[in-house]
Amino acid sequence: MGLVCFCCPGMFDALSGMGGGGQLKTTVSNNALTALYTTFAVFGILGGGVYNILGPHLTLFAGCSTYVLYAGSFLYYNHYQHQFFAIIAGAILGIGAGLLWAAQGAIMTSYPPENRKGTYISIFWSIFNMGGVIGGLIPFILNYNRGDAAATVNDGTYIGFMAFMSAGAVLSLTILPASKVVRDDGTRCTHMLYSNVTTESYEILKLFYNWKMLLIVPAAWSSNFFYTYQFNHVNKPQFNLRTRGFNNVFYWGAQMLGSVAIGYVMDFSFKSRRKRGVVGISVVALLATGIWVGALANQIKRDLGVIMDFKDSDYAGPFVLFFSFGLLDSMFQSMVYNSPIIQIVLIGLVCFCCPGMFDALSGMGGGGQLKTTVSNNALTALYTTFAVFGILGGGVYNILGPHLTLFAGCSTYVLYAGSFLYYNHYQHQFFAIIAGAILGIGAGLLWAAQGAIMTSYPPENRKGTYISIFWSIFNMGGVIGGLIPFILNYNRGDAAATVNDGTYIGFMAFMSAGAVLSLTILPASKVVRDDGTRCTHMLYSNVTTESYEILKLFYNWKMLLIVPAAWSSNFFYTYQFNHVNKPQFNLRTRGFNNVFYWGAQMLGSVAIGYVMDFSFKSRRKRGVVGISVVALLATGIWVGALANQIKRDLGVIMDFKDSDYAGPFVLFFSFGLLDSMFQSMVYAGFYKGIQSAGAAVAWQIDNHKVSGMAQLIVNWVLTTVSYPLLLVLVVLAVKEDNKGEEEQAKQVAPSSAENAFVH
């Protein structure tokens, strides 16, 4: 459902945020939106009854289809300048939006178990708002080279929005009806009683006699009322087309940050609910007053004849104002539509900003440099220290707690990206190698903290869900990070050998934000689960115990069976990044490829997760089928890699616009799928340590100029050997139920390496 709204209302938000729907004059957009919200006001009431008659498939598909029509009406207006179609499409979209949000409301309130609704709403809202972020990039990228003279967005912008919206309509058909949804406790939601059209209308009318609801009316009225000012009087008249798209990315990104911030105040600032409410409203009131004062100052002083670009020296002030509007919007609306902000989302955002951006930087091949030597040496140093501190990190976490451990870990990512910025100017690799070694220490701390949080904060029966949430947010960092070199090096052509300074600065900015976000993670003693329990009773290991337990694992036959899988899971990065992405594509295309590589990671983890969790009742059978699926897919991908390695011309550098680009692109995308599916089969701290050791060796092998063909064969053999060993592990060690493991987990938290393996 989140992905459906990512594609449809998420892209609609990005289109509206351009101001005037991307047109020179706001008249057509204003009239279309007036028609939209007029019909939406009616069908927002009647939609529940329609949902009860049509069910989720037809209701959502009908609603999503109207978004495509709306975006298409602006494409039509680009050519014929007739606003009648846009107004009619707006009115139809109002009907469709009423249906979509009625279905979304029914699903969000009836599908989850009662004690999990808040978490499910938080997950939905995070995915949905990401649509505005990604949607903002569409006009930014597709209008980047058109300059200040461009008055309206090009056709490709509307086509891009329509493509996403069409995908959302198709995705809506995958939503299951209530009768087929089975909750974690085995119950179904078929007993839920929904209203019909008459009842729905009557209940809405009754609300106008409820004094509590009447007090919300001014807040509800104003919460969308200010969009016209923000979009049509701040973003549109002050900035050129590409900058309005750029602003949109941060506006909708600020929405997520704002909801996290106010959620923290509303849920965790004080023990008293009433006191939290008063403080939360007061914080928003003070922030809003400051923002509106800033808006007044901007309105008074701005030159109506000046159109700014994001590269202009006076851009910072208006940008901060528009970003602040995004913060205010989410914080203001969260006061009325409250959802708990869970610690897992925060740790996901931290990893989005730090290791997520690191993945994007590494995925460029050679760290964005012409030669891979400096990157290979830095990464060897990194994974060498990571292999050690991945073991010792648990003890450090127990001493320092989440704040200092995560902050120290995140800070090393900033240093690492900065070392490549330094290398861009001085060509001395010593700093990069030292920064890599330090990052290995920091990564060990960060992932130890992440492992401790993921295995101790959630209730036992929700760990799988929380890990999935985390992994999706984290991998999105690689997607967004891939766009940084793509956008900032778009116009540099094939002659550019290394990424520009702005690329590294962009990575450093995200990483710095992650370090700041890490300070918002609560210690275990302040985390209250849905059932009212706290996780303060969990007993963690210290450095000595952690090291001893790790050494014991090398005598555990079950752990030894996963060594080939662990060793090879990062070993193949050198081939993928340095022998597929780097030598075959120019700079901007490598960034573009990265977007889809890390996007494929999310698809792969969802696919293998479905097989591993839901394909069969038997746990052992699910394991065997999951490993077999990955083995078959991997074999096909390595065969494709061999074919690509044999036929490719070493002297040709491809661009994403070239006619022969599709084949190598599909191969690199498939590597992303394989990576996530392969690693999702095993999730353990022991695995991380072996994985890091394998990576350290791999980067040095590549540094000694071992041919791409030789590396391909070694990687193929390593991954293939791991499958029969994992099958033996599943058949001999996996039980058909995990009751004994759950009882053990309730009593004591094992070392971080062992805990994840047990789960």
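Since this is a predicted model, take the numbers as computed values, not measurements.
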Do Met162 and Tyr67 make a side-chain contact, defined as non-hydrogen atoms from C-beta onward lying under 4.5 Å apart?
no

For residues 57-64, tabulate all N or O donor-acceptor pairs below 3.5 Å that involve a side-chain atom, not counting sequence neighbours.
unit_1 : atom_1 : unit_2 : atom_2 : d
His57  : NE2    : Leu173 : O      : 3.2
His57  : NE2    : Ile175 : O      : 2.6
Thr59  : OG1    : Gly55  : O      : 2.6

Should Thr157 and Asn154 be marked as a side-chain hydrogen bond (donor to acceptor under 3.5 Å, both in side chains) after you check the CA-CA gap, both sets of side-chain angles, and the distance that decides it?
CA-CA 6 Å; Thr157 303; Asn154 58 14; 2.7 Å; yes

Going by the rule side-chain contact (heavy atoms from CB on, under 4.5 Å), which residues pair with Tyr76 if we only count those two or more places apart in sequence or in a different chain?
Tyr80, His82, Phe85

The test is side-chain contact (heavy atoms from CB on, under 4.5 Å); show your working for Ile87 and Val28 and say whether it passes.
CA-CA 7 Å; Ile87 295 172; Val28 60; 5.7 Å; no

Using side-chain contact (heavy atoms from CB on, under 4.5 Å), reason through Thr589 and Met654 one step at a time and then give a plain yes or no.
CA-CA 8 Å; Thr589 305; Met654 274 185 283; 6.0 Å; no

Does Asn581 have any side-chain hydrogen bond (donor to acceptor under 3.5 Å, both in side chains) partners at least two apart in sequence or in another chain, and if so, which?
Asn593

Do Leu328 and Trp292 have side chains that approach each other closer than 4.5 Å (heavy atoms only, starting at C-beta)?
yes

Begin with the C-alpha distance, continue with both residues' side-chain angles, and end with the deciding distance and a verdict on side-chain hydrogen bond (donor to acceptor under 3.5 Å, both in side chains) for Asp329 and Gln230.
CA-CA 10 Å; Asp329 182 20; Gln230 295 173 10; over 6 Å; no

Residues at least two apart in sequence or cross-chain that pass ring-ring contact (aromatic ring centres under 6.0 Å, His included) with Phe474, listed by chain then number, are Trp447, Phe470, Trp471

Contacts of type side-chain contact (heavy atoms from CB on, under 4.5 Å), residue Phe669, not counting sequence neighbours
Phe596, Ala600, Leu603, Leu673

Test your reading of the model: is there a side-chain donor-acceptor pair from Asp312 to the backbone of Asp309, 3.5 Å cut-off?
yes

List in chain and number order the residues that pass side-chain hydrogen bond (donor to acceptor under 3.5 Å, both in side chains) with Asp155, two or more places apart in sequence or in another chain; answer none if no residue qualifies.
Asn78, His79

Could you check whether the rings of Phe310 and Tyr315 sit parallel, tilted or perpendicular, using 30° and 60° as the cut-offs?
perpendicular

